[in-house]
Amino acid sequence: MTTAEISGPDWSTRETPRTPEEWIARAGEVAAILASDAVERDRAAATPYAEVRLLKDSGLVTLLGPAEHGGGGQNWPTAYRVVREVAKADGSIGQLLGYHYLWNWAARLVGTREQWEHVEAEAARNRWFFGGAVNPRDDDVVIRDEGDTLVFNGRKSFSTGSKVSDVTVLEGVLEGTDKHVFAIVPSGDPGLTFHDDWDNIGQRLTESGSVTISDVRVPWRDAAGYVDKEFQPRVYNTLNVPTIQLVFVNFYLGIARGALETAIAYTRSRTRPWLHGGHERAVDEPYIIDIYGDLSAALWSAEALADQVAEEGLWFHEHPDEVTERLRGEHEVRVAAAKVQATEVALEVAGRIFEATGARSTTSREGLDRFWRNVRTHTLHDPVAYKRREIGVYLLQDKLPEPTWYS
Amino acid sequence: MTTAEISGPDWSTRETPRTPEEWIARAGEVAAILASDAVERDRAAATPYAEVRLLKDSGLVTLLGPAEHGGGGQNWPTAYRVVREVAKADGSIGQLLGYHYLWNWAARLVGTREQWEHVEAEAARNRWFFGGAVNPRDDDVVIRDEGDTLVFNGRKSFSTGSKVSDVTVLEGVLEGTDKHVFAIVPSGDPGLTFHDDWDNIGQRLTESGSVTISDVRVPWRDAAGYVDKEFQPRVYNTLNVPTIQLVFVNFYLGIARGALETAIAYTRSRTRPWLHGGHERAVDEPYIIDIYGDLSAALWSAEALADQVAEEGLWFHEHPDEVTERLRGEHEVRVAAAKVQATEVALEVAGRIFEATGARSTTSREGLDRFWRNVRTHTLHDPVAYKRREIGVYLLQDKLPEPTWYS
Amino acid sequence: MTTFDEAVAPPAAGRAHVIRTDEEAVETAARLAAEFAPGAAERDARRLLPRPQLDRLSDSGLLAITVPREYGGADVRADTLAEVYRLLAEADPNIAQIPQSHVVYLRVLAQQGDARQREYFFGEALAGRRFGNAQSEAGTRHVQDYRTRLVPDGNGGGYRLTGEKHYCTGALFAHWVPVLAQLDVPGEGDRLHVAYVPRGAPGLKVVDDWSGMGQRTTASGTVRLQDVWVPAERVVPHHLTFTGPQIHGSYAQLLHTAIDVGIAGGALREAAEFVRTKSRPWFESGVSTAAEDPLLVQRFGELAIAERSARALLAEAGRAVEVARHTLTEEATAAASIAVATAKAVADRACVEISSALFEVSGTRSSLEGLNLHRHWRNARTHTLHDPVRWKVQHIGRYTLNGTPPPRHGVI
Amino acid sequence: MTTFDEAVAPPAAGRAHVIRTDEEAVETAARLAAEFAPGAAERDARRLLPRPQLDRLSDSGLLAITVPREYGGADVRADTLAEVYRLLAEADPNIAQIPQSHVVYLRVLAQQGDARQREYFFGEALAGRRFGNAQSEAGTRHVQDYRTRLVPDGNGGGYRLTGEKHYCTGALFAHWVPVLAQLDVPGEGDRLHVAYVPRGAPGLKVVDDWSGMGQRTTASGTVRLQDVWVPAERVVPHHLTFTGPQIHGSYAQLLHTAIDVGIAGGALREAAEFVRTKSRPWFESGVSTAAEDPLLVQRFGELAIAERSARALLAEAGRAVEVARHTLTEEATAAASIAVATAKAVADRACVEISSALFEVSGTRSSLEGLNLHRHWRNARTHTLHDPVRWKVQHIGRYTLNGTPPPRHGVI
């Protein structure tokens with residue numbers, strides 16, 4: 001099928017979810033739709049217009065938006081769970097949704113109150129889907145100051161979701177300075193050229209290709225967090241890493257859960273028992289049972305840590321002005337642990353399910369390798385060894401991780 | 001030192017904790033006292049009279065007791081956390097306290113409302129410490145029915161805490177039937193003879209030796225859950241396994257945390273860097289940092305699962321009459337996962353800390369092996385492979401674990 | 001006897017070289033491996049079947065190194081054979097897997113073939129001709145439940161063979177297709193035989209319908225047999241193999257193990273190359289090249305330990321099989337099976353782990369589809385499922401705990 | 001020269017047997033291991049020092065198997081030596097560890113001793129006399145920072161030796177105590193030497209203050225040296241060992257690895273014995289003996305795989321050291337160090353895991369203090385920390401990734 005064919009209920013006739021449980025259930029419905037042809041869509045790797053449409057129509061994109069403007073009024077822990085749920089069916093779309101939440105929230109992260117209130121209201125009212133072209137590690141986009149206007153020029157290697165989005169968070173460096181500026185621009189700006197060069201082994205539908213930025217103009221008043229051309233720093237600004245990393249954690253866990261559930265269904269219906277056991281069904285083989293018991297226990301554990309750390313993080317979002325460097329640092333250490341566990345368990349589950357599904361399950365038609373390819377691809381974002389290091393340094397030297405713009 | 005010397009604040013002048021946080025802090029104070037000479041007490045393996053005194057004086061024994069009778073009025077999740085906290089310092093005493101909570105709760109588990117209200121009131125008012133001589137897998141204690149009175153005779157291989165307790169939960173089988181009867185008897189009953197034969201490599205202070213029961217008489221009305229000599233079954237009766245196993249989980253996790261914190265303190269103050277790294281301090285060595293990062297992430301994850309499953313279990317204790325076999329079974333599967341994870345991480349932490357503390361830390365004086373001996377000994381209680389099996393069977397065959405009297 | 005004449009075409013390059021020693025076998029394998037390695041990624045990506053490479057194998061004489069000396073072969077040691085396949089697999093595990101059954105079905109001839117069969121078929125091998133396989137069947141109860149039958153054709157001189165076989169690695173490239181089939185032996189009932197059928201025999205059809213996510217160019221497809229005539233001279237009583245101590249299973253598994261060890265080694269070497277030449281250092285590492293990052297070095301150390309463990313156990317297993325091959329005692333054959341099972345358990349985990357960790361050490365740039373670095377993992381994951389490690393662990397456990405020898409059959 | 005006369009007492013049983021071949025060495029070790037194994041638990045529990053067993057070792061000739069052939073020894077292969085120590089350690093790793101330095105300091109003589117020193121000390125070894133060690137020091141920056149000094153005594157014929165050494169495994173049972181010390185070599189500054197001091201020398205005191213939680217009967221205690229007179233003839237310039245490619249480190253580490261592999265094997269065998277003879281089946285297992293429980297069998301399989309991996313790598317490492325010993329090239333010695341480091345990494349994990357899992361498979365009854373089954377874990381955990389695996393992994397990683405040879409010194 002092509003993505004244009006994604007169908008589902010008539011969402012417009014459905015009531016908007018109100019509780020976290022209802023939102024997670026809604027995400028489950030979306031996941032079920034995505035799951036039905038996930039293998040084919042992964043293979044086609046087409047631009048996910050229909051998928052993004054589904055995220056909008058089902059209301060998931062406005063989950064975090066202010067209720068008074070039609071948003072769901074939910075908090076981050078629920079958003080993480082929703083991302084996890086969607087990623088069960090389709091890792092790429094889980095990532096796109098998670099990144100959308102992050103780009104949308106970027107306004108609140110670095111912007112002034114006036115700015116973010118405006119952005120959140122507009123986003124909720126218009127069901128904007130957000131993309132981004134941000135990589136503060138490099139000075140690859142330069143900004144010219146033309147008085148009232150900023151002019152962006154350059155190139156970003158990755159622009160996840162931007163091509164299929166309504167608005168894009170753009171980042172660059174003010175010419176002759178080391179000041180980074182974030183601003184939201186319409187994704188249809190003629191100065192943005194997407195190169196469709198994302199061709200990786202996994203997360204194939206995330207539209208993470210490069211983008212060229214030519215004379216994209218932004219009024220100074222939209223430069224997030226700047227007042228009179230000066231950035232107004234807050235400790236809250238440095239919550240980017242923990243929040244972004246928790247999004248990663250949750251789509252890794254979703255992919256892992258998807259792998260496990262898909263494999264269980266396969267084993268129940270298709271796996272043949274091995275000749276030695278004298279078992280009529282594969283599901284009676286003690287070692288197949290053991291593999292699933294082992295993987296589930298590990299996955300539940302990583303999920304519990306992700307949930308617990310998400311709850312710990314909620315306080316920061318509810319008390320943005322009380323965030324201290326110490327509290328933030330200790331939270332980042334906990335997030336690092338969740339990242340370590342999620343990475344390990346997701347790779348393990350996605351790699352080991354085959355031991356319980358058997359030789360025939362490796363046929364390309366089944367596409368059971370997509371879980372591994374997806375989690376393998378995104379877990380390269382930043383080396384997990386450095387997350388263990390963050391934890392160890394904190395415990396042994398009582399040193400907090402340095403806030404960085406890179407996640 | 002001998003156990004008689006345990007000293008601490010004058011608890012009688014202190015206010016009783018009210019919130020879970022306050023109770024956990026209180027447990028932390030108790031743990032700090034126990035930690036100060038844990039190595040020596042482990043070596044001496046003396047009967048823990050002073051330790052039980054400390055648990056009573058500090059109020060921890062009445063944590064779960066009804067507030068109107070002087071108890072703490074807390075719930076199981078807090079009790080688990082308190083057990084974990086105490087076990088950090090001393091695995092044996094963590095186990096004794098956990099078992100005490102279980103024996104005390106046994107009245108509510110199997111007894112009639114009248115019975116358990118009476119027991120809980122008495123226990124809270126008198127700060128009873130509970131022991132037990134229960135092993136429903138064997139028919140090693142036989143009960144004679146003498147009309148109004150039951151007479152217990154036989155032997156139990158294990159009677160954890162009974163010798164240092166005020167009251168003992170006794171279990172036996174009614175002669176000529178397969179009916180098990182539980183009853184609470186004074187631990188000083190002359191019919192109870194403790195054999196002081198617990199001499200194991202770990203959990204050395206748990207007084208888990210065997211006991212002979214000779215003509216211990218109990219009125220029929222104290223036979224828990226019996227009305228007119230007939231047991232009145234409820235699904236709630238079958239919550240023993242999940243609740244007991246969560247106690248295990250929590251003292252395993254406490255022991256692991258104790259091991260990790262003790263090792264970190266050792267590494268910070270005593271470990272020499274290895275010659276190859278060019279590091280002045282062991283805490284700067286990347287591989288030592290990595291070990292602690294790795295172990296902490298794994299431990300936090302197992303703790304989070306234990307906490308999450310404890311919260312899930314709370315519902316059963318709050319809705320004892322709504323417990324269904326399905327809900328109970330699914331909960332036991334989750335508890336099994338917590339057990340798997342706690343067992344694995346506790347053994348791993350207790351065994352691997354030495355890689356970061358170094359050769360000199362193996363001196364007997366340090367006693368760093370006690371964590372491994374403790375967790376190794378109690379994790380033999382039931383094979384963890386069968387917990388993985390429970391999970392796998394549930395996932396693959398949709399079969400719930402059979403409730404048993406053995407945990 | 002004219003039946004042996006209707007031979008299949010000789011290999012492209014004519015008569016093959018004959019390898020004489022173990023050393024020459026290993027050197028030849030190393031040389032060919034160096035030749036095959038550079039094209040492996042592209043062959044996988046575009047599914048270019050390695051026919052030219054197989055002809056190179058044929059010509060090199062490597063396909064005849066197990067032919068007994070009295071028939072003109074090198075009769076190499078089992079550990080040498082394992083090393084040959086490991087080297088080939090390190091370059092391209094597809095090319096190593098294709099002739100795995102070739103070796104196995106030559107062994108069936110060595111054990112159960114009569115003098116004329118051996119003379120003829122070993123000559124074919126020395127000429128560079130290839131044997132494939134047609135053994136597995138779909139829809140049966142388990143992997144060793146076979147329904148394909150040999151039925152006497154009435155003239156007393158041959159049989160008719162009908163059935164459908166799957167996962168027939170090597171058949172597409174073979175000159176001879178050995179087919180596992182049941183034959184009703186009077187007084188004994190159904191007994192397993194091997195019928196050696198020329199690739200071009202009427203009624204035999206090889207379908208290239210293999211669609212595995214890995215080992216893509218092995219073309220492990222379907223073989224359909226419709227009333228294929230087989231002269232009695234080409235039928236070998238394979239069931240006799242399992243009546244006493246045997247190394248049929250351990251010998252076959254040794255090759256599978258060698259393939260997995262080779263995949264591990266190939267992935268490890270490609271990872272090292274990538275890190276040294278292409279990876280950027282992580283910004284928090286404080287070093288100027290990725291290859292100096294202490295945490296990355298640590299991970300490499302762990303991966304190397306895994307690969308070296310597998311390699312050491314493979315060599316040990318090869319030696320155990322070699323001992324068992326010559327003594328054929330109950331003890332030695334059981335020990336060989338357990339040694340091979342141990343090596344396979346470790347090798348399987350090593351190749352899956354290393355091929356996945358390749359990306360972890362190499363960093364974001366390694367996941368580009370065009371680099372096709374995930375072929376290592378796809379190959380590892382696909383080939384390691386051929387027969388499951390979980391049961392090998394069980395046989396090892398029983399042997400260690402109770403001294404129980406593993407069962408006698410072709411997969412241990 | 002009279003200094004060599006003031007010899008220490010000969011071993012209890014008089015002149016020792018001389019072992020002539022590698023095979024005899026392994027057979028002897030197996031025989032003594034069978035003799036030593038039954039008392040191991042009790043010796044550990046009651047801390048009975050294994051002096052009688054060490055005398056048996058002396059008498060058997062096992063302590064002279066590394067003496068070069070021209071001096072009358074068997075000069076066994078390195079892999080043979082590893083197997084000898086593995087067998088002894090399987091029975092009692094204390095007994096195997098005590099003579100580890102004996103072998104090392106005989107090698108120092110073989111490499112840096114002059115003809116007279118070799119003649120004399122190899123004669124001592126052939127007579128069954130034992131060499132201990134006095135190398136580690138406390139309070140220094142790291143394990144290879146030494147402060148003990150040899151100071152010329154003014155007469156030109158000898159030195160005075162003063163210092164304090166810890167973890168002196170073997171010293172208590174030794175006839176000779178080789179002491180690592182710095183000597184100011186004119187024009188070069190401090191250089192590491194070994195002074196061979198008779199156990200009874202005035203000023204030398206061995207204190208049995210070892211209190212490790214494991215390897216309890218190794219008595220790896222303190223050696224105090226107060227102005228001990230050492231004639232020049234007993235001093236060997238050890239620093240020269242590290243000026244070129246060497247196997248000092250890999251040879252020493254090979255023995256430590258053999259000890260860890262032995263602990264793994266000993267624990268595995270005792271676990272199997274316990275399960276077969278004492279464990280009850282778990283009530284949910286549905287089988288009538290514990291040894292049939294499929295999940296327990298599985299665990300045994302995994303443990304056996306770990307032990308076999310370690311054993312295979314030990315043998316491989318032994319062969320690599322043997323090659324390096326004869327070629328002494330940069331490549332061969334680096335390869336030997338890496339092979340030994342790999343074996344040690346795997347062995348250390350295996351022995352810690354198996355000795356802990358012993359309880360898991362054996363069940364509740366195994367934790368009785370009186371059975372002393374935790375000695376395996378205590379021995380494993382204590383001995384594996386001798387030098388840390390984490391840095392071995394790092395050397396292996398650098399070697400694999402960048403081809404960097406490991407540093408030259410005594411612990412790799």
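Quick note: numbers below take in every heavy atom, side chains included, and nothing from hydrogens, waters or symmetry partners. Here the structure is a predicted model, which means the values were calculated and not measured.
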Engineer: For atom CD of Q397(A), is the number of surrounding heavy atoms from other residues, nucleotides or ligands below 6.0 Å larger than 12?
Structural biologist: yes
Engineer: Quick check on A298(A) against chain B: is it the side chain, the backbone, both or neither that has a heavy atom closer than 4.5 Å?
Structural biologist: both
Engineer: Going by residue number, which parts of residues 279-290 of chain B are within reach of chain A, meaning a heavy-atom gap below 4.5 Å?
Structural biologist: R281(B), V283(B), D284(B), P286(B), I288(B), I289(B), D290(B)
Engineer: Return yes when atom CD of E402(B) has more than 12 non-hydrogen atoms of other residues, nucleotides or ligands closer than 6.0 Å, and no otherwise.
Structural biologist: no
Engineer: Side chains of S296(A) and Y394(B) only: does a donor on one sit below 3.5 Å from an acceptor on the other?
Structural biologist: no
Engineer: Can R334(B) and E330(B) be counted as an ion pair, charged N to O under 4.0 angstrom?
Structural biologist: no
Engineer: Answer yes or no: is there a donor N or O on one side and an acceptor on the other, between the side chain of T363(A) and the main chain of R360(A), under 3.5 Å?
Structural biologist: no
Engineer: If we define contacts as heavy-atom pairs under 4.5 Å, which of E261(B), E390(B), E303(B), Q308(B) has the most with chain A?
Structural biologist: Q308(B)
Engineer: Which residues satisfy the salt bridge (Lys or Arg N to Asp or Glu O under 4.0 Å) test with R81(B), sequence neighbours excluded?
Structural biologist: none
Engineer: With rounding to the nearest 0.5 angstrom, report the CG to OH distance, D294(A) to Y292(A).
Structural biologist: 12.5 Å
Engineer: Taking G392(A), A304(A), S301(A) one by one, which has the highest count of heavy-atom pairs under 4.5 Å against chain B?
Structural biologist: S301(A)
Engineer: Going from CG on L400(B) to CD on E332(B), what distance comes out if it is rounded to the nearest 0.5 angstrom?
Structural biologist: 9.0 Å
Engineer: For chain A, which of L305(B), V333(B), I291(B), I264(B) has the most heavy-atom pairs under 4.5 Å?
Structural biologist: L305(B)
Engineer: Which one wins on heavy-atom pair count under 4.5 Å against chain A: A297(B), A336(B), A337(B)?
Structural biologist: A297(B)
Engineer: For E325(A), is the CD atom crowded, meaning more than 12 foreign heavy atoms sit under 6.0 Å from it?
Structural biologist: no
Engineer: Using 4.0 Å as the upper bound for N to carboxylate O, is an ion pair formed by E85(B) and K88(B)?
Structural biologist: yes
Engineer: Who pairs with A310(A) by side chain to side chain contact (heavy atoms under 4.5 Å, CB included), at least two apart in sequence or on another chain?
Structural biologist: P77(A), Y80(A)
Engineer: For D369(A), is there an ion pair with R376(A) - N to carboxylate O distance below 4.0 angstrom?
Structural biologist: no
Engineer: Are there residues of residues 340-354 of chain B whose heavy atoms fall under 4.5 Å of chain A's heavy atoms? If so, which?
Structural biologist: V340(B), Q341(B), E344(B)
